Novice: 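Before we start, here is the structure in question, set down as structure tokens.
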Amino acid sequence: MSSFSEKGLLGELEQLVLLATLRLGDDAYAVSIRDEIEARTKIALGRSSVYVTLDRLDRKGYVTSWFADPTPERGGKAKRCFAVTATGRRALAAAETAVERLRTTSSTRPSR
Amino acid sequence: MRRDLPRLARWLLAVLVPQDWRDSVSGDLIEECGRRRARGQTAGSIWTMAATARIAASLALERRHDLTANTRATVRRITMDGLLADFRQAARALRAQPGYTATAALTLALGIGANTAVFNLANWLLFRPVPGVVRQDRLVSIGFGSASGVQVRSGVSYVDFETLRTRTPALKSLAGYQVFALHIAPPGGSPQRLDAEVVTGTYFNVLDGAIAHGRGFSVDEGSNPAAAPAAVISHRLWTRGFAAASDIIGRAVLVNGHPFTVIGVTTRGFHGATLTGATDLWVPVAQHRAAIPQYPPSLLASRQSRLFFGMTGRLQDDVSVETAAAQLDAVRAGIAAAHPEDSRMMKWRFDVVPGVESRPWVLGRLSRTMTLLLGVVGLLLLLTCANVGSLLLARATARSGEAATRLALGASRLRVGRLLGAESLLLSFVAAVPAIAIVWWSAAAFEGTVITQSLPPLDRAEIDLRVLAYAIGSATIVACLAGVLPAFSLSRVEVSSALHAAGRSQTVSRRRLRHALTIAQVAVSVTLILGATLLTRSMRTRLAIDPGFDTSTVLTFSVEPGLQGYGPRQERFYRELLDRVRTIPAVRGAGLVWLQPFSSGAADARLWPEESSADHALEAELNAVSPGFFSALGLPLLQGRDFTEAEFQRPDEHGGGVVVVSESLARHAFGAGPAVGRRIVMESSENRVRTVVGVVRDTRQRRVATVSTDMVFEPFGQSFPSGWASVLVGLQGPEAPVVSEIRRRVAEIDPALPIYNVERLDRAFAKQFADDLLIVRLTTVFSLLAMAIAAVGLHGVLARTVAERRREFGIRAALGATPGGLARLVSGEATRLLVSGILIGLAASWWLVRYIEARLFGVSPLDVMSIVIAVALVGVVTAVSSVPAARRAGKLDAAGLLRS
């Protein structure tokens with residue numbers, strides 16, 4: 001729970017990007033994350049929002065990144081790959097739990 | 001296939017995107033481009049650019065704190081490192097040569113100081129905010145203009161003011177005010193006359209912040225004549241008249257002899273809603289019977305008494321000046337429709353302008369004076385630039401070896417040029433300190449100066465931030481102007497030749513530049529001296545106007561018993577006053593006059609001989625005088641007699657009126673024949689006929705010396721009683737004891753009645769030309785200063801030339817040149833500079849003189865005498881300043897020089 005109070009609740013975008021990163025495993029980088037989200041949810045995110053979200057998650061410590069070797073099709077530029085950290089997983093779980101609890105409470109509230 | 005992003009995209013990424021993202025983002029984009037092309041989607045440079053721009057901008061925004069810090073650091077790295085070093089080096093160089101530094105800084109200080117001193121004056125009179133008043137950007141001034149846009153000097157009645165105030169929702173509040181001279185005295189204290197404003201109860205609401213102690217007027221005090229009479233006094237009156245008494249609030253004072261209670265003291269420096277006001281007392285319009293008894297008792301209910309010449313309003317927060325103007329005009333149209341008999345409201349419009357100064361006629365005159373003075377000091381500053389520029393150029397020459405070494409070691413030319421730039425900037429800022437001292441001193445010197453006759457003497461102009469900014473600004477401009485040529489010249493040093501210490505060609509081109517700067521200095525000083533000479537000669541012509549009598553032995557003072565509510569009692573007062581003044585020892589005579597000579601008051605009469613008709617009317621200056629007036633001025637009656645005591649203050653509504661005419665009027669009206677006994681008709685509603693009883697010598701008594709000497713005098717009080725008058729006192733000895741005796745004797749008649757305008761007539765005469773006198777004095781000072789700076793500049797340039805050409809002179813001497821010949825070589829150079837400077841200066845003057853043409857009186861702008869004086873003065877002074885260098889050239893030791 002502490003991750004909420006310090007860093008705030010995860011936003012929608014943050015959740016989407018974290019989940020996509022988890023699914024992609026070793027090959028999670030900006031382009032593949034965006035493609036994965038679009039393929040699964042039909043939501044086409046803007047390129048810039050993916051970068052901004054990754055940058056924010058990185059600074060919050062929810063993801064970690066490393067540079068993969070440059071390839072010719074990338075013009076010799078390195079690829080920045082991402083993986084979800086343990087804190088990121090907890091934050092994701094916490095956000096889901098919070099939503100779930102609220103949903104349960106509202107549907108089981110006794111009506112007068 | 002292209003494997004990189006377009007150049008612009010790369011640049012965008014480099015500038016905007018944080019370093020940890022830069023490579024991977026461009027890699028991603030390149031990868032995507034390839035994939036899109038493979039899929040047959042558009043992936044041209046436009047698509048790439050748009051995608052890059054969006055990503056770069058988003059990441060930049062996300063990390064903007066890092067980014068600005070980065071940019072700043074980069075900018076600092078590029079500029080500051082070098083600059084700081086430059087300044088440090090410049091400071092070292094300046095310290096190393098204290099003589100040079102002192103000369104240059106002093107010259108700059110004079111130029112910047114003179115400039116800022118004049119700006120300080122202009123700021124004080126025209127630009128500064130009114131002291132104390134808050135949110136002045138929400139204030140508007142409302143005056144009258146005709147439909148054709150011409151300013152009209154008139155006012156609105158209290159009734160119309162109230163209509164305007166209540167029906168203009170765009171204004172939070174509206175105040176009306178009018179300046180009068182009133183009498184004030186602490187109970188039992190001596191009375192004084194000062195500027196006061198009769199104001200509406202809203203005055204201190206509109207001018208919020210003007211009250212420092214106590215409070216402003218309430219609505220009731222402003223509109224209800226039965227309310228307790230309240231007054232607000234200025235901080236100045238509080239400190240000077242009441243010794244800054246802490247219990248001033250609630251004290252009783254006498255205003256025009258009526259008791260008022262002081263309820264407030266204004267902020268220091270606040271003297272009404274204008275920068276040039278002198279108001280020391282405020283009373284509400286409801287107390288008009290006590291304050292301004294000359295107005296009818298029905299003032300508050302009458303539309304005829306157009307009392308308020310000035311109106312100031314405070315805008316509602318979200319309303320523009322235009323909206324307020326439109327609403328005011330709509331109200332005016334309403335008043336005009338309701339009162340068709342009042343054509344003024346129909347013909348005139350309200351001039352609504354932002355700000356508080358509501359006296360454009362004063363502003364116009366002042367800003368013309370200030371513009372001229374700023375032009376003069378601007379020229380002086382230009383000259384200073386040329387002077388210091390040539391000093392810096394000399395340093396550039398001396399340091400070309402150093403510059404070449406730096407260039408050879410790999411410094412950029414910009415860097416080398418910047419060295420001198422830093423030096424001149426540093427010099428200017430060093431000079432700004434004594435310059436501000438000059439400004440401070442000049443403000444003290446200007447205190448009490450009369451700028452124009454209609455304004456009170458100047459207060460001490462306080463230096464504010466605006467003035468400091470101006471000083472810094474002009475210092476920077478000077479540094480740029482003076483430093484740019486030398487810096488440029490230093491950065492263009494030819495490395496090889498300078499290192500070989502030959503550098504002759506460069507020395508020659510620099511010398512040419514230095515000569516040009518010297519010529520400029522001589523030219524500017526010729527222009528300034530010529531302007532000053534023209535103005536001085538014009539002023540002398542004016543002061544030499546013969547008024548026709550000896551003004552130095554006539555003292556004048558004024559009284560206004562009407563203000564104290566004398567009514568018919570004033571007739572006896574005037575007689576008693578004259579009796580008491582005439583018996584003072586050392587007074588040879590005294591007389592009463594309606595319009596004091598050389599004051600701003602003036603009246604004209606149209607008149608014609610009885611046997612003629614109005615078609616042949618003559619214009620003459622009219623004045624009303626008592627018996628004794630002519631003898632007090634020392635004017636003999638050429639024909640006939642003076643007025644008698646019986647004619648003094650005798651109304652002539654049933655006929656029997658008399659006049660005295662001037663010699664020239666008598667000649668114009670009656671030809672060569674005798675005038676005494678002839679009768680004239682004076683144009684008025686009744687066209688009264690008057691008998692000429694005397695003819696007096698011609699005089700000029702008008703404010704601005706007029707050509708006409710046609711004057712007609714009638715006995716004081718014959719056509720109308722006057723609540724105020726001036727007394728002219730013929731002196732037989734020193735003036736001071738007479739003045740104190742007059743004060744004592746007037747107080748014996750009425751201790752509550754002050755006398756004012758106590759002045760000798762020669763001073764009153766000179767005061768008419770106050771603003772021109774200020775210009776003449778300042779222009780003279782500044783042009784002499786300019787000439788001195790130019791002379792020092794010429795001296796420096798010649799000395800430098802002699803030093804540079806030592807070897808040449810040595811060779812010449814060895815080849816047989818005489819010391820005299822060498823000296824002539826130098827003085828020949830001086831003469832060439834001088835003559836070119838003078839010619840250019842005269843040409844410039846021919847063009848610039850148009851700016852003072854309107855101020856010249858009795859002197860042609862192409863006055864030969866002035867040109868001769870200016871050329872001779874500049875010629876002699878600069879020629880003398882070239883003597884030391886010429887002598888040094890003559891004394892050079894040829895053998896020693898060649899050996900060295």
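Quick caveat: nothing in here was measured; it's all calculated off a predicted structure. So you know, we letter chains A, B, ... as the sequences are listed, proteins then strands, and number each from 1.
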Novice: Taking A/Arg101 for its side chain and A/Glu96 for its backbone only, find out whether a donor-acceptor pair lies under 3.5 Å.
Specialist: no
Novice: So what's closer than 4.5 Å to chain A heavy atoms on B/Arg35: side chain, backbone, both or neither?
Specialist: side chain
Novice: Determine whether a donor-acceptor pair (N or O, by modelled atom type, separation under 3.5 Å) exists between the side chain of A/Arg34 and the backbone of A/Leu45.
Specialist: yes
Novice: Does any N or O in the side chain of B/Gln316 come within less than 3.5 Å of the main-chain N or O of B/Ala170, such that one atom is a donor and the other an acceptor?
Specialist: no
Novice: Between A/Ser48 and B/Ile55, is there a donor-acceptor pair closer than 3.5 Å when you use the side chain of the first and the backbone of the second?
Specialist: no
Novice: Using a 6.0 Å distance limit plus a 45 degree cone around the ring axis, check whether B/Arg36 lies over the aromatic ring of B/Trp47.
Specialist: yes
Novice: State whether the side chain of B/Arg135 and the backbone N or O of B/Arg314 hold a donor-acceptor pair below 3.5 Å, judged by distance alone.
Specialist: no
Novice: With a 4.5 Å heavy-atom cut-off (strictly below), which parts of residues 13-31 of chain A touch chain B? List them by number.
Specialist: A/Tyr29, A/Ala30, A/Val31
